[in-house]
Amino acid sequence: MKYLVREKMFSIGDDFWIEDEHGNKAFYVDGKVLRLRETLVVQDPHGRELAVIHKKVISVRDAMTVERDGEVLVTVRKKLFTPFHDSYRAELASGDELEIRGDIIDKEYDIEYGDERLARISRKWFRLRDTYAIHVDRDDADPAMLIAIAVCVDRLVEHEHEKHERERENHER
């Protein structure tokens, strides 16, 4: 199944719909504005909560968690040492790990478990900068979790970009 993410660039709270490949509204991502830490809620079209994404407040390096029913399912963070490209990992509560590899900045990457691709994130079919596809490869995969992981990677890349911009501006002063 393929899902299309069209972020609304100027919406308050970063709310946006994710549609399936047939144009049906499949998931709603609700950015909670009045929270101490960044929080996004992935809901089904009827408003049922499927996952809650939080930016970890205290962390050596930026990380985000994905929760369901109050339990942390996944922690997403950038890998410490990746010399030739950006690479992220999603640590599952079970102790297993998903690899997130490819061109993260341009949204051309895969989410993998071992040697198996679970999902491909790609922008290459779209002209609009903030539109990309999440293609879930396995029928038994949890699309809400894979979408939440992609949203985490998006936010972590955005935070890193903002941090570098602030550092550059401070250096220029």
Side-chain angles (χ1 to χ4, degrees), residues 1-5 7 13-16 18 26-32 35-44 48-123 130 132-164 166-167:
M1 178 63 87
K2 189 181 292 182
Y3 299 95
L4 303 179
V5 179
E7 293 180 288
D14 291 321
D15 301 344
F16 54 94
I18 297 172
F27 300 98
Y28 182 68
V29 179
D30 183 7
K32 300 296 185 184
R35 301 278 173 104
L36 291 175
R37 61 182 175 164
E38 183 174 356
T39 301
L40 300 133
V41 178
V42 179
Q43 302 170 341
D44 71 10
R48 286 187 293 260
E49 189 176 281
L50 302 173
V52 177
I53 301 167
H54 294 292
K55 183 171 187 309
K56 289 187 93 169
V57 179
I58 299 173
S59 180
V60 173
R61 58 198 146 108
D62 282 346
M64 298 190 85
T65 59
V66 178
E67 299 176 0
R68 183 173 289 150
D69 300 324
E71 299 290 323
V72 174
L73 293 178
V74 181
T75 301
V76 180
R77 63 175 47 106
K78 186 174 183 176
K79 284 186 138 187
L80 276 177
F81 182 71
T82 52
F84 302 111
H85 62 281
D86 283 338
S87 182
Y88 286 74
R89 71 173 185 241
E91 301 161 3
L92 304 175
S94 66
D96 290 332
E97 191 173 285
L98 303 180
E99 292 286 331
I100 303 162
R101 300 179 227 210
D103 187 345
I104 306 292
I105 303 296
D106 288 328
K107 290 188 178 66
E108 296 294 332
Y109 62 90
D110 295 332
I111 300 173
E112 302 170 341
Y113 178 69
D115 293 335
E116 186 176 5
R117 185 175 73 201
L118 301 178
R120 166 155 291 163
I121 288 67
S122 179
R123 185 190 293 173
D130 290 317
Y132 57 95
I134 299 172
H135 185 266
V136 177
D137 288 355
R138 292 182 49 134
D139 291 336
D140 63 343
D142 181 346
M145 184 179 75
L146 292 169
I147 287 168
I149 291 170
V151 169
C152 287
V153 170
D154 250 6
R155 291 297 192 254
L156 290 168
V157 167
E158 185 178 315
H159 293 151
E160 188 170 322
H161 176 74
E162 290 169 357
K163 178 181 167 188
H164 289 307
R166 284 192 305 273
E167 288 172 355

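- For R89 (side chain) and E97 (main-chain N/O), no donor-acceptor pair under 3.5 Å exists by modelled atom type.
- Other residues, nucleotides and ligands place more than 12 heavy atoms under 6.0 Å from the CD atom of E116.
- Panel note: side chain D142, backbone A144; a donor-acceptor pair is recorded below 3.5 Å.
- Under the 3.5 Å distance criterion, the side-chain polar atoms of E108 are matched with a main-chain donor or acceptor of R123.
- Under the salt bridge (charged side-chain N to carboxylate O under 4.0 Å, His left out) rule, D137 has a single partner from R120, R117, K2, which is R117.
- Distance CZ/R77 to CE/M64: 12.5 Å, rounded to 0.5 Å.
- When atom types are taken as modelled, the side chain of D15 and the backbone of G31 share a donor-acceptor pair closer than 3.5 angstrom.
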Salt bridge (Lys or Arg N to Asp or Glu O under 4.0 Å) assessment of K79 paired with E99: CA-CA 9 Å; K79 284 186 138 187; E99 292 286 331; 3.0 Å; yes
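- For the residue pair D44 / Y28, no side-chain donor-acceptor distance below 3.5 Å is found, with atom types taken as modelled.
- Distance check: I121 CD1 to Y109 OH gives 4.5 Å after rounding to the nearest 0.5 Å.
- When all heavy atoms of D62 and K55 are compared, the closest pair comes out as OD1-NZ, 3.1 Å.
- Considering all non-hydrogen atoms of both residues, A141 and L146 come closest at CB-CD1, 3.8 Å.
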Check against side-chain contact (heavy atoms from CB on, under 4.5 Å), R101 and I111: CA-CA 7 Å; R101 300 179 227 210; I111 300 173; over 6 Å; no
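- For the residue pair L156 and A63, the shortest heavy atom distance occurs at CD2-N, 3.9 Å.
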Between S87 and I100, is a side-chain contact (heavy atoms from CB on, under 4.5 Å) present by the stated rule, with each step listed? CA-CA 6 Å; S87 182; I100 303 162; 6.0 Å; no
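- Within 6.0 Å of atom CG in D139, 12 or fewer heavy atoms from other residues, nucleotides or ligands are found, so the atom counts as exposed in its surroundings.
- In terms of heavy atoms, R155 sits closest to F16 at NH2-CE2, 4.1 Å.
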Please determine whether side-chain hydrogen bond (donor to acceptor under 3.5 Å, both in side chains) holds for the pair T39 and H54, giving the CA-CA distance in whole Å, both sets of side-chain angles, and the decisive distance to 0.1 Å. CA-CA 5 Å; T39 301; H54 294 292; 3.2 Å; yes
